[in-house]
Q: 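Have a look at the structure that comes next, please.
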Amino acid sequence: MNYLDGLNEAQKRAILTTDGPISVLAGAGSGKTRVLTTRIYHLVRQGVPAREILAVTFTNKAAREMRERVRATFSVPLDSAPNERRDAEEAPFIATFHGLGRELLEQYGKRIGIPRFFGIYDRDDSEKAIGAALKALDVGAKELSPRAILGRISRAKGAGMNAREFFEKYSRSGFGMRITAETWLRYEKTLADEKALDFDDLIALPARLLEEHADILEQAQNRWRYIHIDEYQDTSALQGRLANLLAAKHQNLFVVGDIDQTIYTWRGATIENLLEFEKTYPAAQTIILERNYRSTKNLVDAANAVIEKNKNRKEKYSTTENEPGEPIVAHLAVNAEEEALWIARKIRGLMQNGTPPEDIAILFRTNFQSRALEEGLLRAGVPYKLLGTRFFARKEVKDALAWMRLALDPSREADTVRAAGAPPRGIGKVTLGKMAAGQRSELRAGERAKVEAFERAINDLARAALTLIPSEFVKLAVETSGMRRVLYEEGNAEDRERFQNVEELASVAARHDAVAGKEGIAAFLAETALASDQDELDRGERPGVTLMTVHAAKGLEFGTVFVAGMEEGLFPHEGMGDDTDRDAEEERRLFYVAMTRAKERLFLTLARVRKIYGSDYAFEPSSFLADIDSIVMQYDDAYGEDIIDA
């Protein structure tokens, strides 16, 4: 049994215990992916048909990697998408939850009226369809935004409701819920007409299908007798229900997760699925993988010290036989720009000593931090890649810039189209086309009123641009456009984070405040355009340092990790929600995730003063820093250990 060579006893137990419900608590760097893939191989070696094995992961990337690892052990290739493997009946089915839902609906959805080949709406498609429904109901975006409506529909689907049930319950309620109910019915008709489903349907409909049709449930249960689910701490209540339905007959449910890495509750993940696994399955066995193979002993000890402060967890203490390694380095900077330059220079030194840039990551809590970090790397000549859209290429930033450019030149057609829809104000492409063609007289009264209101807003900005300093002009543009209201006042947590990106524009503009009026504003706009072009030219196709949020770094690892913005109120982030205790624990889990991405070196940086929305704010050091023992952390700045006492 040489495929078990090199595994520790806990890993072997997880692989060799094949029957019944099993919960594996896998710490960071504990080799859980190897356990999962080796267990699948072991099951086949023991005589389980590969086609009766199901493995569910949370990202397409993870699913591809798992198929790649398993592929070499089977005679059939597994690198194609699962739904394209109709001829590969001997292969395990490895997919995301949405891929699993799609498979179930493609196979059995006809019973509930789902066509064999259906389209899938992404979030943008859904918001556009809901926007059209609101328009048909004569409800403007100022009253209810499509994003807010979609959020309500998503939560209702997650609770197991359909559009008709929601309508019957809320059609006589207050304005918001009543409009949501009516909009949902129209949205469902649009989906039906387009023969499409949205992301939530791919989980909700399969669960309902299995609950309402016992024969289909039995077919699915017999098809997959052995079920594996990775990252179980990130499953939603609905995903947990779907897993329990599939596992109910044979009880061979193998879940792997780490409560200490639960960081997606704001997306609907529920930590209870893993916390209460033994309650759901009284016969369940629990196996703990505590050996860390990834990080140095200093890093493992520091991560333990941070996460053990959380109360809502299962006891787990990571250990390692790796070398102590380098101490964690903390640096206190004067401001965000100095912080970015210090990071960039430190990276340049590491690269000169042979560290590949692709083995270095800079992590940050919120997206707006990326602007200063990118500038610091550019000034130091360090190649980088931003995971996700670059700061000045983000939609909300481009929307705000379109308003500002129109104030200087209202003849810009592309900016007019973008600004007219950011945020939506009921001005469509046909109306814009008539405006551009000089056919204003053909507009209906309602259309003309909306166009005139939009033009008045642009004219007001144009007059203000004559005298305001750039940072104040940015603030006025954000107010006048309605972006503050839609993203901050009416938006969800994700919207408010997007608004922080818009606010960051005022910080950039403040550097040009010495020159008021159009000249200063034009210089600011030129800088934003140049930064975008320079980012493109500098990045190219060559490898570079990776910049990303901590949320985006989940599941990745790097030799060297920098965590920027270690300030109270920023990380841990304040105002995450109403459940203060739970939010505080999630912030701590998020920091734990950030720390455990590092294999060899970890740098923690913070600024005494950070400019937010054009104004300077003084910050206290993050309370997380005090949790790390000074034995494993050193202070690379003039203030020394005063960092944690500041």
Side-chain angles (χ1 to χ4, degrees), residues 6-14 24-36 230-231 233 256-263 274 286-331 350 355 359-363 550 553-563 566 571-572 585-605 622-636 643-644:
L7 295 169
N8 63 45
E9 290 306 310
Q11 290 174 323
K12 289 178 183 177
R13 183 185 167 205
V24 176
L25 303 182
S30 61
K32 67 181 179 66
T33 303
R34 184 182 178 188
V35 167
L36 278 166
D230 193 12
E231 304 288 3
Q233 78 280 352
V256 182
D258 183 3
I259 290 167
D260 295 334
Q261 296 187 64
T262 304
I263 60 174
L274 188 55
T286 299
I287 301 171
I288 303 177
L289 304 183
E290 295 180 305
R291 172 86 174 274
N292 184 304
Y293 293 91
R294 174 188 300 161
S295 306
T296 65
K297 188 176 187 305
N298 281 340
L299 292 174
V300 171
D301 290 347
N304 281 332
V306 167
I307 200 60
E308 67 183 10
K309 297 289 183 68
N310 272 2
K311 298 177 181 178
N312 196 33
R313 64 190 293 261
K314 291 190 175 183
E315 192 61 35
K316 174 174 56 66
Y317 191 86
S318 294
T319 62
T320 186
E321 295 181 7
N322 292 339
E323 295 295 322
E326 301 179 18
I328 296 169
V329 175
H331 175 75
L350 290 169
T355 301
D359 198 30
I360 302 172
I362 305 174
L363 309 183
V550 182
K554 179 78 177 295
L556 302 177
E557 60 183 53
F558 300 88
T560 301
V561 170
F562 293 80
V563 183
M566 292 300 302
F571 201 6
E585 292 214 345
E586 181 138 342
E587 286 295 297
R588 185 174 292 277
R589 292 194 294 266
L590 191 60
F591 182 48
Y592 175 79
V593 167
M595 297 177 72
T596 55
R597 298 313 92 199
K599 295 188 289 186
E600 300 168 5
R601 305 179 195 87
L602 177 64
F603 297 89
L604 307 175
T605 64
S622 170
S623 54
F624 294 151
L625 294 174
D627 297 333
I628 303 174
D629 196 310
S630 60
I631 295 175
V632 300
M633 186 161 73
Q634 68 181 29
Y635 305 88
D636 186 8
I643 284 180
I644 61 173

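Owing to the predicted nature of the structure, the values given are computational and were not obtained by experimental measurement. Excluded from the calculations below are hydrogen atoms, water molecules and symmetry mates; all remaining heavy atoms, backbone and side chain alike, are included.
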Q: Are Y293 and N8 linked by a side-chain donor-acceptor pair shorter than 3.5 Å?
A: yes
Q: Among R589, R313, E585, find the residue that satisfies the side-chain contact (heavy atoms from CB on, under 4.5 Å) test when tested with T262.
A: R589
Q: With D301, which residues qualify under side-chain hydrogen bond (donor to acceptor under 3.5 Å, both in side chains), at least two apart?
A: K297
Q: By side-chain hydrogen bond (donor to acceptor under 3.5 Å, both in side chains), which residues pair with E321, not counting sequence neighbours?
A: R291
Q: Is it true that the side chains of Q233 and E231 contain a donor and an acceptor less than 3.5 Å apart?
A: yes
Q: What residues, two or more places apart in sequence or in another chain, satisfy salt bridge (charged side-chain N to carboxylate O under 4.0 Å, His left out) together with E323?
A: none
Q: Under the side chain to side chain contact (heavy atoms under 4.5 Å, CB included) rule, collect the residues that match up with N298, sequence neighbours excluded.
A: T296, P324, V632
Q: I would like to know whether V256 and V35 meet side-chain contact (heavy atoms from CB on, under 4.5 Å); could you show each step before the answer?
A: CA-CA 10 Å; V256 182; V35 167; 5.8 Å; no
Q: Only counting residues at least two apart or in another chain, list the ones meeting side chain to side chain contact (heavy atoms under 4.5 Å, CB included) with E557.
A: R294, K599
Q: Find the distance between CZ (F562) and CD1 (I360) and round it off to the nearest 0.5 Å.
A: 6.5 Å
Q: Check side chain to side chain contact (heavy atoms under 4.5 Å, CB included) between P572 and all other residues, then give those that pass, not counting sequence neighbours.
A: E568, E587, S622, S623, F624
Q: Hey, does F591 have a side-chain heavy atom less than 4.5 Å from the side chain of V306?
A: yes
